[in-house]
Protein chains: 2
Amino acid sequence: MRPDDLPQIRELNIFEGISDENFDELMRASFLQTFPAQMELIEEGEPADFLHIVVEGCVELFASTNGRESTMAMVYPVSSFILAAILRDAVYLMSARTNKKSRVLMIPAVSVREVFDKDPAFSKAMVMELANCYRGVIKEHKNLKLRTSVERLANRLLRYRQKQQSDQVTLPYDKKILASNLGMTPENLSRAFNTLKPYGVKVEGNKITLTDIEALATFAKPSKLIDDLAI
Amino acid sequence: MRPDDLPQIRELNIFEGISDENFDELMRASFLQTFPAQMELIEEGEPADFLHIVVEGCVELFASTNGRESTMAMVYPVSSFILAAILRDAVYLMSARTNKKSRVLMIPAVSVREVFDKDPAFSKAMVMELANCYRGVIKEHKNLKLRTSVERLANRLLRYRQKQQSDQVTLPYDKKILASNLGMTPENLSRAFNTLKPYGVKVEGNKITLTDIEALATFAKPSKLIDDLAI
DNA sequence: GCACTAGCTTGATCCAGATCAAAACATCAG
DNA sequence: CTGATGTTTTGATCTGGATCAAGCTAGTGC
């Protein structure tokens with residue numbers, strides 16, 4: 001592991017307040033690996049042996065059943081994923097694969113639980129992380145149940161705009177994945193983009209220009225309780 | 001609060017391992033209230049001031065946005081709900097109302113956080129509870145994204161059968177709520193029941209008789225990673 | 001530079017589910 | 001017992017989204 005990775009990892013919310021000794025212990029037990037794109041890191045149903053932290057690149061969490069598959073979330077640096085399975089010592093409920101070449105830190109689940117048991121700050125940080133993840137999925141679920149697919153796209157574009165601080169947003173991954181994440185087919189994503197044209201949405205490959213924010217927001221009707229990832 | 005309620009509450013997973021002193025402290029700070037049916041206990045967007053525990057009755061968690069509303073979950077005795085908001089000291093992301101006359105214990109959020117900070121067993125029990133809730137929503141989300149509405153109903157019936165240990169299951173609440181929870185309209189729930197007739201599903205009001213379990217399971221194709229609430 | 005492949009778009013069609021309306025059924029209050 | 005009300009069912013129609021097919025575009029390897 002590169003020494004310059006450590007500060008970034010140390011600053012993750014899940015390590016907030018953890019003692020240096022315990023953090024070092026976790027890092028000693030871990031290893032950092034670089035994976036090519038489309039590499040499956042986790043398969044749903046398998047026991048949760050490692051806590052994964054995406055240090056660089058991008059990881060797709062997806063689920064399948066009976067021949068159907070859907071993208072559940074995209075994970076960016078620097079963040080962990082599927083923490084609940086580790087703490088519960090249960091199987092993973094989702095699979096994970098790299099969306100692009102990625103460096104991933106893998107911390108043995110056993111080590112995580114050991115430090116969890118002895119470091120109160122770490123266990124509290126875990127609680128906060130779990131609470132945030134849980135609330136994030138509630139928001140996604142509401143998004144799916146309460147909105148049409150075009151509304152989901154419109155709100156997603158507004159969210160990208162806010163995050164990238166620009167009226168020209170770049171889609172962070174290809175449209176096939178975005179469609180799946182939003183709960184629709186790629187054909188429908190294409191049509192949804194077209195439906196949003198009159199609201200000032202201009203598409204050029206993976207670059208989307210928003211030229212009438214007010215109209216788009218009026219159509220999308222964002223709700224903090226769904227769209228604000230920080231509350 | 002009736003003394004005979006306490007043992008039941010004490011046995012909740014979230015109080016596993018908590019010291020008697022701390023448990024008593026929480027109970028002293030709490031109050032138990034009986035609400036009539038259709039009483040709104042929580043409104044989404046409000047600060048999370050109480051941790052609620054359903055002692056008797058049934059509570060519906062629902063979400064709304066832009067004039068649309070959907071049932072997110074049903075809560076039975078004895079369980080808590082919306083724990084994440086309490087721990088994060090954030091607003092509720094869902095509303096709650098009694099589905100029938102219910103007795104609900106309300107523990108001030110401040111007290112919960114105080115005991116959380118000083119009782120390691122309690123904070124760990126909270127983590128497990130959060131992990132379980134989080135995993136539960138992941139399963140619901142997969143259910144919604146990966147299955148048709150008829151498949152969701154079929155799997156739900158199989159789950160009721162397993163829980164009630166009988167081939168004649170009683171729907172725990174009215175069909176309007178069940179439809180909403182499964183992500184469909186009441187009309188479509190009715191049609192979905194009809195679609196399942198050839199698979200041995202017989203409807204008599206809120207009593208459903210399953211006469212061909214094998215056919216129903218073949219149709220439903222249950223998956224432990226979605227349907228098993230215990231893993 | 002060309003051939004191949006994957007992603008994306010567009011068109012046509014189908015269908016799962018919603019909406020609207022009406023009727024039937026069950027429950028409750030007077 | 002009757003009238004009112006809410007739930008449920010059924011029918012008709014609509015529509016959002018899926019599926020299938022084909023063509024276009026961009027990127028990659030030889």
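Proteins come first, then strands; the chains are lettered A, B, ... in the order of their sequence lines, and each starts at number 1. The model shown is predicted, which means the values in this text are computed figures rather than measured ones.
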(request) Whole angstrom is fine here: how far is it from CG in B/Asn206 over to P in D/dG6? (result) 20 Å

(message) Output the rounded distance in Å from NZ (A/Lys175) to P (D/dA26).
(response) 11 Å

(request) Supply the atom-to-atom distance B/Met94 CE to B/Ser70 OG, rounded to the nearest 0.5 angstrom. (result) 11.5 Å

(request) Would you kindly check whether a donor in the side chain of A/Glu187 faces an acceptor in the base of C/dC8, or vice versa, at under 3.5 angstrom? (result) no

(request) Give the ring-plane orientation class for B/Tyr173 versus B/Tyr160, where under 30° counts as parallel, over 60° as perpendicular and anything between as tilted. (result) perpendicular

(request) Provide, to the nearest angstrom, the distance between the CD atom belonging to B/Glu204 and the P atom belonging to C/dC25. (result) 15 Å

(request) Scan A/Asp174 against the nucleic acid and name what it touches under 4.0 Å (heavy atoms): base, sugar-phosphate only, or nothing. (result) sugar-phosphate

(request) Nearest whole angstrom, please: distance from the P of C/dC8 to the CG of A/Leu153. (result) 14 Å

(request) Would you mind reading off the distance between B/Ile177 atom CD1 and D/dG6 atom C1', rounded to a whole angstrom? (result) 13 Å

(message) Between B/Ser190 and D/dT8, is there a contact of a side-chain N or O with OP1 or OP2 at under 4.0 Å?
(response) no

(message) If I take atom CG in residue A/Asn194 and atom C1' in nucleotide D/dG16, what distance separates them, rounded to the nearest angstrom?
(response) 15 Å

(request) Could you check how far CG of B/Asn188 sits from P of C/dG17, rounded to whole Å? (result) 7 Å

(request) Report the distance from atom CZ of B/Arg147 to atom CZ of B/Arg152, rounding to the nearest 0.5 Å. (result) 9.5 Å

(request) Using a cut-off of strictly less than 4.0 Å, decide whether A/Ser149 has a side-chain nitrogen or oxygen near OP1 or OP2 of D/dG17. (result) yes

(request) Whole angstrom is fine here: how far is it from CZ in A/Arg147 over to P in D/dG17? (result) 14 Å

(message) Heavy atoms only, 4.0 Å cut-off, all strands: where does B/Thr185 land among base, sugar-phosphate and nothing?
(response) base

(message) Quick check: B/Phe31 with B/Phe50 (ring centres under 6.0 Å apart)?
(response) yes

(request) Give the ring-plane orientation class for B/Phe219 versus B/Tyr199, where under 30° counts as parallel, over 60° as perpendicular and anything between as tilted. (result) tilted

(request) Report yes or no: is there a donor-acceptor pair, N or O only, under 3.5 Å between the side chain of B/Arg191 and the base of D/dG11? (result) yes

(message) Looking at B/Lys176, I'd like to know whether one of its side-chain N or O atoms comes within less than 4.0 Å of OP1 or OP2 on D/dT7.
(response) yes

